[in-house]
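If you're wondering where the values come from, they're calculated on a predicted model, not measured in any experiment. Labels below follow one simple rule: chain letters A, B, ... track the order of the sequence lines, proteins then strands, and each chain is numbered from 1. The basis for the numbers below is simple: all heavy atoms, side chains too, and nothing from hydrogens, waters or symmetry mates.
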Amino acid sequence: MAGNKGLTSPQEDYSRWYNEVVLKAELADYSPVKGTMVIRPYGYTLWENVQEQLDRRFKETGHVNAYFPLFIPMSFLEKEAEHVEGFSPELAVVTHAGGKELEEPLVVRPTSETIIGYMYSKWVRSYRDLPILINQWANVVRWELRTRLFLRTSEFLWQEGHTAHATREEAMEETLRILDLYADFAENEAAIPVIKGIKTERERFAGAVASYTIEAMMGNGWALQSGTSHFLGQNFAKAFDIKFLDQNNQLQYAWTTSWGVSTRMVGAIIMAHGDERGLRLPPRLAPIQVVIVPIWRQAADGKAILAKAQEIATALKGASVRVKVDDREQYQPGYKFNEWELRGVPLRIELGPRDLAANKVVLARRDRPAREGKTTVALSDLTTTVQSLLTEIQASMLSTARAFRDAHTHSVSSYDEFKEYLASEGGFFRVYWAGSNEDEAHIKEETKATIRCLPFDQPEGEGTCFYTGKRTNQVAIFARAY
RNA sequence: CGGGGCGUAGCGCAGUCCGGUAGCGCACAGCGUUUGGGACGCUGGGGUCGGAGGUUCAAAUCCUCUCGCCCCGACCA
């Protein structure tokens with residue numbers, strides 16, 4: 001039996017598998033309002049670990065956290081033409097409060113560029129007030145038509161960074177610094193390889209001059225935009241009058257950026273690593289890194305084994321390992337093995353009478369199939385072995401994900417070939433591209449694939465556009481996307 | 001909003017055609033035996049059959065209206 005009992009195989013029905021994993025692993029549950037979800041403790045702890053690692057990186061690069069309000073005057077949204085056009089279809093608007101109709105409707109923030117722009121205009125007078133490097137952790141609301149747990153919910157959690165700078169160069173540097181930061185997080189914490197690139201006009205954030213993205217490949221070959229960093233130019237500065245006197249006493253508009261990673265990242269972790277047994281969590285983010293499953297035949301053994309399990313747990317905690325002893329008596333070991341595998345715990349310690357007698361334990365790696373992933377280790381070496389195994393699993397998960405992505409990245413030279421491969425294999429398509437906005441729209445209409453980005457990693461030489469046949473030196477990444 | 005499907009115990013479903021007063025599996029509770037890859041036995045608790053109205057001696061079942069959810073298409077972190 002390959003998979004977890006009762007779990008749909010990802011090969012058979014990927015989206016069903018995804019939903020089941022989220023629900024059965026107790027990451028989240030549906031909430032009564034359509035399109036909203038409850039993030040359960042296990043899922044929330046995972047999110048907290050994402051937060052912690054991102055937040056650490058923000059602070060290291062000079063950013064500070066603040067909080068801006070949930071409600072935004074409707075008129076603010078309207079100040080930036082593209083912005084309001086982009087967001088108006090999905091706004092939740094409060095028209096009544098305190099028992100009467102409001103004079104001006106309040107928008108529940110879909111993102112906070114506008115209210116933050118408004119505040120920045122109050123705070124900025126001189127080049128000496130710049131840069132402003134603020135991040136906020138918040139919830140936002142976008143009334144989506146089709147929702148999916150973690151990937152697209154009407155309300156979601158995220159961080160949004162909003163910075164203002166004196167020069168174009170500085171703002172652009174910031175935009176790219178954050179993109180690198182996101183990529184570093186994705187690869188080194190989430191073990192998800194990403195492609196850095198710039199969005200085409202069609203996919204650009206409403207109101208931005210340029211949008212940059214990290215794109216990750218999910219287990220079904222689809223792309224997931226996992227973080228974005230926007231260079232906003234002076235668009236919002238002009239809309240909100242963020243002006244300062246420069247060193248030459250000249251009045252200038254500030255240059256702003258915004259960037260975000262959301263709870264969608266949890267979806268990325270699920271889909272980039274999950275398998276037919278369920279979730280596989282990268283050790284650096286896993287709420288539980290090691291689970292200890294005690295095993296005993298006779299009640300008399302139980303006490304000693306549980307005591308030893310606790311002793312091991314204490315030792316591991318002392319070494320900063322997130323460990324849990326599964327001391328539930330109503331479940332058998334086999335059940336627990338499967339359950340913790342479903343929930344993605346990277347490493348399991350099995351401790352039975354034989355082990356106790358020999359001063360050993362069995363270690364089982366989640367990233368390797370049943371027997372292959374099991375080793376026996378002496379108790380005296382346990383802590384160092386666990387630590388090195390966690391490091392190894394983390395690295396192995398990244399390289400496995402990278403190998404998977406590379407194996408599912410194709411380069412095609414004609415549109416027919418593209419369509420054929422997209423239908424049969426899926427995955428990413430790294431192709432020479434000289435098409436127009438309309439060409440892109442047409443391809444999307446016919447194949448549902450979109451340009452995920454124009455990757456930073458561009459070829460040296462020229463090639464022929466797979467769609468238009470024109471010569472070009474630009475490549476694009478096409479894929480089906482969430 | 002267009003197309004398709006579904007609402008019966010916490011979950012998954014049967015029962016609906018052909019009306020007779022609700023059942024199965026899992027889960028849950030108690031007791032006992034079990035425990036190295038999803039144990040078993042016995043006992044037990046749990047239902048306004050999505051909602052409202054109608055037909056009928058009698059409605060989960062037939063009729064009318066309604067509400068909600070899921071999947072597929074047009075937008076998005």
When the aromatic ring centroids of A:H83 and A:F236 are compared, is their separation below 6.0 Å? yes
Assess the pair A:F429 and A:F418: is the distance between their ring centroids shorter than 6.0 Å? yes
How is A:E160 classified with respect to the nucleic acid when contacts are heavy atoms under 4.0 Å: base, sugar-phosphate, or nothing? nothing
OP1 or OP2 of B:rG38 under 4.0 Å from side-chain N/O of A:Q332: no
Base contacts versus sugar-phosphate-only contacts with protein, heavy atoms under 4.0 Å: please encode nucleotides 70-77 of chain B as B, S and - from 5' to 3'. S-SSBBBB
Answer with yes or no after comparing the ring centroid distance for A:Y118 and A:F240 against a 6.0 Å cut-off, counting only values under it. no
Centre-to-centre under 6.0 Å for A:W137 and A:Y67, is that the case here? no
Distance between the P atoms of B:rC11 and B:rC69, in whole angstroms? 16 Å
Using only atom types and a distance under 3.5 Å, with no angle test, would you say the side chain of A:T153 pairs donor to acceptor with the backbone of A:F150? no
Please enumerate all protein N or O atoms sitting under 3.5 Å from an N or O of nucleotides 28-31 of chain B, with distances to 0.1 Å.
residue, atom, partner, partner atom, Å
B:rC28, OP1, A:Y331, OH, 3.2

Could you list by number each residue of residues 344-366 of chain A showing a heavy-atom separation from RNA chain B of less than 4.0 Å, or answer none if no residue does? A:R348, A:E350, A:G352, A:P353, A:R354, A:D355, A:V362
Does a side-chain N-to-carboxylate-O contact under 4.0 Å join A:E339 and A:K24? no
